[in-house]
Every structure is written in structure tokens, then in C-alpha cells.
Amino acid sequence: MAAVTRAAYEVAAKMADDLWNYCDPRSCNLPLATNPLHLAAILGVYLYFVLSLGPRLMKNRPPFELRTIMLVYNGVQVVWCGYLFYECIRLAWGWKYSYICEPLSMEMEPYDFEVARTVWLYFILKIVDLLDTVFMVLRKNHRQISFLHVYHHSGMVFCIWMGTKAFPGGHHTFLGFINCFVHCLLYGYYFLSLYNPKIKVAWWKKYITVVQIVQFAMNVAHESLPLLMPNCEVNKVISGALVIQNLFMFVLFTDFYLKNYSDKAIARKTAAVAKES
């Protein structure tokens, strides 16, 4: 049994090493897409600032308002996500890709480079998303800087970097396709809530979290399909990893929803407000 476990570990380690060192020729020349040191630097600076340096710098300072900056930021996010969602439909998920099994094309046609560029633009967007936490630090919204938030943002940068580097197209891009739609809603809400603070108490706020939960469920189902189809040539190691990752996010977001929007959570908040008044 120990020999079988060790052999399985060695096979998995070799596959991970091959994947780490491999670079798709259609994305090798794109900025930040291949060198792991660049990725490590970005995530290292991000984690150090939001978990250590930023809170220390802001400790004895009043919070920044940043209203204008964040209005522009959220507006850019909506436009950027909307553009990528449109590109996903135009290039792939609207007509060409199979939702059941879509192996990565190995062609070197202009179309394939265009798909790789779109995946890369999504990767850059995930780096830009890190500013969400930076703004929270500068506004001293420490309650929002949860494990879920930091893990989700940093994990997405790493996952999409790997996708850009080794799988710039194919089955796994469904994750980004759905995520761009969800983020159009999310950042649209943020924009409106800043533009008109009364929208912060809108009844549909909690349903954005519901949409996010549905997103992870869809990703689990979509990435499970290649695992159930022996003849599907989609990389099953990546599909398995994405199933586990999205299951984890599904659990975390569901827990967040129950803690903040369930009947019990609402009753607790109402009781706390009544007690304070």
C-alpha cells in the first residue's frame, strides 16, 4: 500500500513539475504570464501590505474616503468585465466551444492567439482585483478583510496565471466566462451603492452572494464532466483541482451567506440594533 501511495505521489509530482515548467507558445511572450517570480512578487507585496504594512500605516490615521477613485475603479471593472464576457461569447462560449468537453486547441492560427490574449486580459484583471483589499485597508474596513476575501483574491490570481501560462483556451475558460458576468453585477452594485448610498440597503444585495454561490456550483459541475468522460481529452488533473477549489469556495461563500443573510443572522442584527438604540 505504501509503495502504491508513493508511486501515485511521484506521478502527481512529475505532472505538477511538468505543468509548472511548461509554457504555451501562444502566451509565452505576454507580460507577467510566464515567470513565477513575477507572480510571487505581486502576491507577496499584496499579502504583506494588506495583512501587515497597511494596517500598521493606517493605525493612527483617519480612514481615506476614496469615493471618486472607487467610483472610477468600479466603473472600469464593469466595463472590463463586460468586454471580456462579450469576447468569451464571440470567441468561444457563444458558438464554438462545447459545454461538455472542450479540449485545448493546439493550433497556431490568429484565432488561437486572440483567445490566448483574452485569457491574459482576464489574468491582468485578477491582478487589478487585488486593489479591492487595498481600498479596504485604506478605508479601515478591517471587518471586510476576512480569510475568505484574501484567499479568494490571491487564489484567483495564482489559478488564472497557471491557466494563462499553460491553458490559454479550452474547457477551463468557462470559469472566467461565468466570473465576468458575476463581477459585472458585483461591481455594478458597488458603483451604484457609492453613487447613491441608499442602495446599500437594497433587498437584492444578498442575492449577489447567491449568484456567486451558484457560480461555484456551476464550475464544479462543468469541471466534473471531463472526469466522468474517459475519452474527453481535457486535462483531468486541472479539472480535478478546479473541482476541489470551487467546492471549497462554495462552502466558504455558503457559510458567509448563512452568517450574514439567514433568518437567524438577520434576527441577531435586528436585536443588536434595537439594543444599541
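Keep in mind it's a predicted model, so treat the numbers as computed, not measured.
Surrounding CZ of Phe181 are at most 12 heavy atoms belonging to other residues, nucleotides or ligands under 6.0 Å away. Heavy-atom neighbours of Leu66 CG from other residues, nucleotides or ligands within 6.0 Å: above the threshold of 12. Sparse packing is recorded around OH of Tyr207, with 12 or fewer heavy atoms of other residues, nucleotides or ligands lying under 6.0 Å away. Within a 6.0 Å radius of OH in Tyr190, no more than 12 heavy atoms belonging to other residues, nucleotides or ligands are found.
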Dump the intermediate steps for ring-ring contact (aromatic ring centres under 6.0 Å, His included) on His152 and Phe253, then the final yes or no. CA-CA 10 Å; His152 178 56; Phe253 270 75; 5.7 Å; yes
For Cys180 and Cys81, run disulfide (SG to SG under 2.5 Å): C-alpha distance rounded to whole Å, both residues' side-chain angles, the deciding distance at 0.1 Å, then the answer. CA-CA 5 Å; Cys180 284; Cys81 290; 5.1 Å; no
In sequence, state the C-alpha distance, the side-chain angles, and the governing distance for Tyr73 and Phe191, and then conclude on ring-ring contact (aromatic ring centres under 6.0 Å, His included). CA-CA 9 Å; Tyr73 171 75; Phe191 180 88; over 10 Å; no
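We find the SG-CG distance between Cys101 and Asn231 to be 9.0 Å, quoted to the nearest 0.5 Å. To the nearest 0.5 angstrom, Cys23 atom SG is 6.0 Å from Lys165 atom NZ. Between atom CD1 of residue Ile160 and atom CG of residue Leu125 there is a gap of 10.0 Å, rounded to the nearest 0.5 Å. The CD1 atom of Ile145 sits 7.0 Å away from atom OG1 of Thr133, with the distance rounded to the nearest 0.5 Å. If you take OG1 on Thr164 and CH2 on Trp120, they are separated by 9.5 Å, rounding to the nearest 0.5 Å. The OG1 atom of Thr173 sits 10.5 Å away from the OH atom of Tyr122 when rounded to the nearest 0.5 Å.
Partners of Tyr86 by ring pair (Phe, Tyr, Trp, His ring centres under 6.0 Å), not counting sequence neighbours: none found. Arg26 is linked by a side-chain hydrogen bond (donor to acceptor under 3.5 Å, both in side chains) to Asp24, counting only residues two or more places apart in sequence or in another chain.
In this structure the side chain of Ser27 never reaches within 4.5 angstrom of the side chain of Phe113, judged on heavy atoms. At least one side-chain heavy atom of Val234 sits under 4.5 Å from a side-chain heavy atom of His172. With a 4.5 Å cut-off on side-chain heavy atoms, Leu130 and Ile42 count as touching. Between Phe167 and Met162, the closest side-chain pair of non-hydrogen atoms is not below 4.5 Å. Residues His222 and Val243 are not in side-chain contact: their nearest non-hydrogen atoms beyond the backbone lie 4.5 Å or more apart. Residues His142 and Gln144 form no side-chain contact, since every pair of their non-hydrogen atoms from C-beta on lies 4.5 Å or further apart.
Taking each heavy atom of Tyr111 and Leu91 in turn, the nearest pair found is OH-O, 2.6 Å. Across Phe256 and Leu148, no two heavy atoms sit closer than the pair CB-CD2, 4.0 Å. In this structure, Val115 and Gly169 approach most closely via the heavy-atom pair CG1-CA, 3.8 Å. His153 approaches Tyr46 most closely through the heavy-atom pair CB-OH, 3.7 Å. When all heavy atoms of Tyr195 and Leu71 are compared, the closest pair comes out as N-CD2, 3.9 Å. When all heavy atoms are compared, the tightest approach of Asn246 to Asn219 is OD1-ND2, 3.1 Å.
Side-chain N or O atoms of Trp161 include none that pairs as donor or acceptor with a backbone N or O of Leu39 at under 3.5 Å.
A donor atom on one side chain and an acceptor atom on the other are found under 3.5 Å apart for Lys126 and Asn179. In this structure, a donor-acceptor pair under 3.5 Å is absent between the side chains of Tyr189 and Asn74.
Ring geometry for His183 versus Tyr187: interplanar angle over 60°, hence perpendicular rather than tilted (30 to 60°). Between Tyr151 and Phe248, the angle of the ring planes goes over 60°, which puts this pair in the perpendicular group of the 30/60° scheme.
Pairs engaging residues 208-224 under the salt bridge (Lys or Arg N to Asp or Glu O under 4.0 Å) rule: none recorded [sequence neighbours left out].
In this structure, Tyr99 has its ring center under 6.0 Å from that of Trp93.
Salt bridge absent: Glu114 and Arg117 never bring a charged side-chain N and a carboxylate O closer than 4.0 Å.
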